[in-house]
Amino acid sequence: MKVGILTLGCKVNMYESEYVTNVLQDAGYSIGDFHDICDVYIINTCTVTNTSDIKSKKMIRNAIKRNPNACVVAMGCFIEANKDYDQDGLDIVIGNKDKSKIVSILDDYFTEKKMKRVLYQEKFHIFEDMYITNFPGRTRAFVKIQDGCENFCSYCIIPFVRGKCRSKRKDKAIEEVKSLVSNGYQEIVLTGIHTGNYGVDINTNLASLLRELVTISGLKRIRISSIEVTELTDEMLDVLMDYDVIVDHLHIPLQSGSDEVLGFMGRKYDLSYYYHKIQSIRNIRPNISISTDVIVGFPGETDEMFEETLENCKKFSFSKIHVFPFSLRNGTKAEELSNHILEKEKKRRTKSLLSLSKRLEIEYMEKFLNQKVSVLIEQEKDGFSYGHTSNFLHVKISGNLKNNTFYQVKIKEISYPYCIGEL
């Protein structure tokens, strides 16, 4: 049977979909393009915003329409948040537990020929172990080391759909990274729902894991998908100082540049704490790239508060800002807040912050003009090769270079969104 898999949302979903792909192939299924006619469609859904919900439902309907005779599976966060979701033609629904059992779930469905709902009322307490040795078509491999979140920010549904913080055993995480490196991957991305909280449930922490991973022979780069500023402890800063295998890039969500809005959001830091922490990081790594997330149009955010966000984003000198207009999620504390912002105003603020982000990105890129950098080649297209540096500069080089290979390159000009390099 041919299976088409579509992944929506975060890097954790990407990892879990890759695991599902691997176990299905091992069970004898062939993997096809989701947009082709397949016997089974799997949509790994997202619910982080209203737009995510809309897209998840649309992709489910599209699969049903494409082949009404196919077995259509919807799994993940949208399903977890909408346990009673039903759609004619949808055959299997799976929440965020037991994705790893997809083969036996499909076997049961084809035996019984009736709709299956694999959902649980209890909170998740155990890390659902998955193990991947290969990411076909990628030079950067992901390892999911953590799941769940207990921050309960007022705008966020994720703690309700992903459950308590839980971690992959350290020995298993190390074994998985070693296996990927032995299969040729030189860059590993550690990912999770709340990655920086790794180990809180198993008497260890992220710094301790990193100190062991950096010793793996052949591993050239370790990235952390995202980390909260409060988790950049002195121990983590020591690791950044000691090991250049850990890349020169951190993604540290800010969410707002106004202390008042951070209070509305239920964030666990203020701007002074955030600023001094990133200054400490830059004292250790002067050229580090620090990207961030910012939500605009949060209920109660005045024009003055938004202007404060713009000014603080300039002050913090981010290399990139991922901008999200506030999206109301049912069941969150933000649902009860007053002074909601008009959509038109949210769009204006989004556009303004994205414009600032582009300016800051170019300013950061320009620091590396005429500098030599090391680029890991990831793609060749139309006579050019593309790759990223440790600090996540996207470099474009003339010529067909060898994939998954490091090249020393000089940055000659900036042509946004690329740095143009030559060997």
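Counting heavy-atom neighbours within 6.0 Å of Asp86 CG, excluding the residue itself, gives a total above 12. Under a cut-off of 6.0 angstrom, the local environment of CD1 in Ile126 is sparse, with at most 12 non-hydrogen atoms contributed by other residues, nucleotides or ligands. Counting heavy-atom neighbours within 6.0 Å of Asp244 CG, excluding the residue itself, gives a total of 12 or less. Remark: Lys347 NZ is loosely packed, at most 12 non-hydrogen atoms of other residues, nucleotides or ligands lying under 6.0 Å away. Remark: Asp88 CG is loosely packed, at most 12 non-hydrogen atoms of other residues, nucleotides or ligands lying under 6.0 Å away. Counting non-hydrogen atoms of neighbouring residues, nucleotides and ligands closer than 6.0 angstrom, the NZ atom of Lys11 reaches no more than 12 such neighbours. Heavy atoms from other residues, nucleotides or ligands lying under 6.0 Å from NZ of Lys116 number more than 12. Within a 6.0 Å sphere centred on NZ of Lys58, other residues, nucleotides and ligands contribute 12 heavy atoms or fewer.
Using cut-offs of 30° and 60° for the angle between ring planes, the Tyr274 and Tyr269 rings count as tilted. Using the six-membered ring where Trp is involved, Phe135 and Tyr185 have ring planes that are perpendicular, over 60° apart on the 30 and 60° scheme. Ring orientation note: the planes of His394 and His388 are close to parallel, at an angle under 30° on the 30°/60° scale. Using bins of under 30°, 30° to 60° and over 60° for the plane-to-plane angle, the ring pair Phe160/Phe152 lands in the perpendicular bin.
Side-chain N/O atoms of Ser56 and Thr45 include no donor and acceptor closer than 3.5 Å.
Under a 3.5 Å cut-off, the side chain of Tyr416 and the backbone N or O of Ile362 do not form any donor-acceptor pair. A side-chain donor-acceptor contact under 3.5 Å links Arg166 to the backbone of Lys164. Put simply, the side chain of Ser167 gets close to the backbone of Gly199: a donor and an acceptor are under 3.5 Å apart. With hydrogens and angles ignored, the 3.5 Å screen pairs no side-chain donor or acceptor of Tyr198 with any backbone N or O of Leu190. Side chain of Asn67 to backbone of Ile37: no donor-acceptor contact under 3.5 angstrom is found. Within the 3.5 Å criterion, the main-chain N or O of Gly76 finds no donor-acceptor partner in the side chain of Asn13. Checked by atom type and distance alone, the side chain of Ser154 pairs as donor or acceptor with a backbone atom of Phe264 at under 3.5 Å. A donor-acceptor pair is defined here as one N or O able to donate and one able to accept, closer than 3.5 Å; such a pair exists between the side chain of Thr292 and the backbone of Leu254. Between the side chain of Ser179 and the backbone N or O of Glu176 there is no donor-acceptor pair closer than 3.5 Å. Remark: the backbone N or O of Gln255 is not paired with any side-chain donor or acceptor of Asp293 at under 3.5 angstrom.
For the pair Glu228 and Arg267, the salt-bridge criterion is met [side-chain N within less than 4.0 Å of a carboxylate O]. Electrostatic pairing of Glu128 and Lys99 does not count as a salt bridge here, judged by no charged N lying under 4.0 Å from a carboxylate O. Salt bridge present: Lys346 and Glu343 bring a charged side-chain N and a carboxylate O closer than 4.0 Å. Classification of Asp242 and Arg211 as a salt-bridged pair holds, one side-chain N sitting under 4.0 Å from a carboxylate O. Between Glu175 and Lys178 there is no salt bridge, since no side-chain N of the basic residue sits under 4.0 Å from a carboxylate O of the acidic one. Under the 4.0 Å criterion applied to side-chain N and carboxylate O atoms, Lys97 and Asp147 are not assigned as salt-bridge partners. At a threshold of 4.0 Å, the pair Glu301-Arg349 counts as salt-bridged, since one of the basic side-chain nitrogens sits closer than that to a carboxylate oxygen.
Between Ile174 and Val177 there is no side-chain heavy-atom pair separated by less than 4.5 Å. For the pair Tyr19/Ile102, no side-chain contact is recorded, criterion being any heavy-atom separation below 4.5 Å from C-beta on. You'll find the side chain of Ile411 reaches within 4.5 Å of the side chain of Val373, heavy atoms only. Taking 4.5 Å as the limit, every side-chain heavy atom of Ile132 sits out of range of all side-chain heavy atoms of Val143. With a 4.5 Å cut-off on side-chain heavy atoms, Val3 and Val20 do not count as touching. Counting heavy atoms from C-beta outward, Cys165 and Glu150 have side chains that approach closer than 4.5 Å. Between Ile92 and Cys71 there is a side-chain heavy-atom pair separated by less than 4.5 Å. Residues Lys320 and Phe392 fail the side-chain proximity criterion, which asks for heavy atoms closer than 4.5 Å.
At least one test fails for Lys168 against the ring of Tyr131: distance under 6.0 Å to the centre or angle within 45° of the axis. The cationic group of Lys396 lies under 6.0 Å from the six-membered ring centre of Phe384 and within 45° of the ring axis, placing it in a cation-pi geometry.
Val161 and Asn96 get closest at one heavy-atom pair: O-ND2, 2.8 Å. Across all their heavy atoms, Asn50 and Ser327 have their closest contact at N-OG, 2.8 Å. Across all non-hydrogen atoms, the minimal contact from Arg282 to Ser317 is NH2-O, 3.0 Å. The minimum heavy-atom distance between Thr405 and Tyr407, with the atom names listed, is O-CD1, 3.5 Å. The two residues His251 and Ser291 make their nearest non-hydrogen contact at ND1-OG, 2.8 Å. Annotation for His340 and Glu335: closest pair NE2-O, 4.5 Å, computed over non-hydrogen atoms.
Asn44 CG to Met59 CE: the interatomic distance, rounded to the nearest 0.5 Å, is 14.0 Å. Of the inter-residue distances, the one linking Tyr41 atom OH with His35 atom NE2 reads 10.0 Å to the nearest 0.5 angstrom. Taken from CZ in Phe324 to OG1 in Thr51, the straight-line distance is 11.0 Å, to the nearest 0.5 Å. Interatomic distance, CZ of Phe368 versus CG of Asn391, reported as 4.5 Å (0.5 Å rounding). Distance CG/Leu213 to CD1/Ile222: 5.0 Å, rounded to 0.5 Å. The distance from atom SG of Cys46 to atom CD1 of Ile79, rounded to the nearest 0.5 Å, is 12.5 Å.
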Candidate pair Ser352 and Ser355, rule side-chain hydrogen bond (donor to acceptor under 3.5 Å, both in side chains), full reasoning: CA-CA 5 Å; Ser352 179; Ser355 176; over 6 Å; no
field: Pair Asp53-Arg329, salt bridge (Lys or Arg N to Asp or Glu O under 4.0 Å): steps then yes or no
entry: CA-CA 10 Å; Asp53 281 0; Arg329 311 305 293 131; 2.8 Å; yes
query: Checking side-chain hydrogen bond (donor to acceptor under 3.5 Å, both in side chains) for the pair Asp248/Ser390: CA distance, chi angles, key distance, verdict?
result: CA-CA 5 Å; Asp248 239 4; Ser390 167; 5.3 Å; no
Residue pair Glu212, Ser208: steps toward the side-chain hydrogen bond (donor to acceptor under 3.5 Å, both in side chains) verdict: CA-CA 7 Å; Glu212 297 203 41; Ser208 175; 4.8 Å; no
message: If you apply the rule side-chain hydrogen bond (donor to acceptor under 3.5 Å, both in side chains), what do you find for His194 with Glu231, and how did you get there?
response: CA-CA 10 Å; His194 192 173; Glu231 288 147 9; 2.3 Å; yes
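Checked options Arg140, Lys220, Arg138; the residue passing with Glu187 is Arg140 (criterion: salt bridge (Lys or Arg N to Asp or Glu O under 4.0 Å)).
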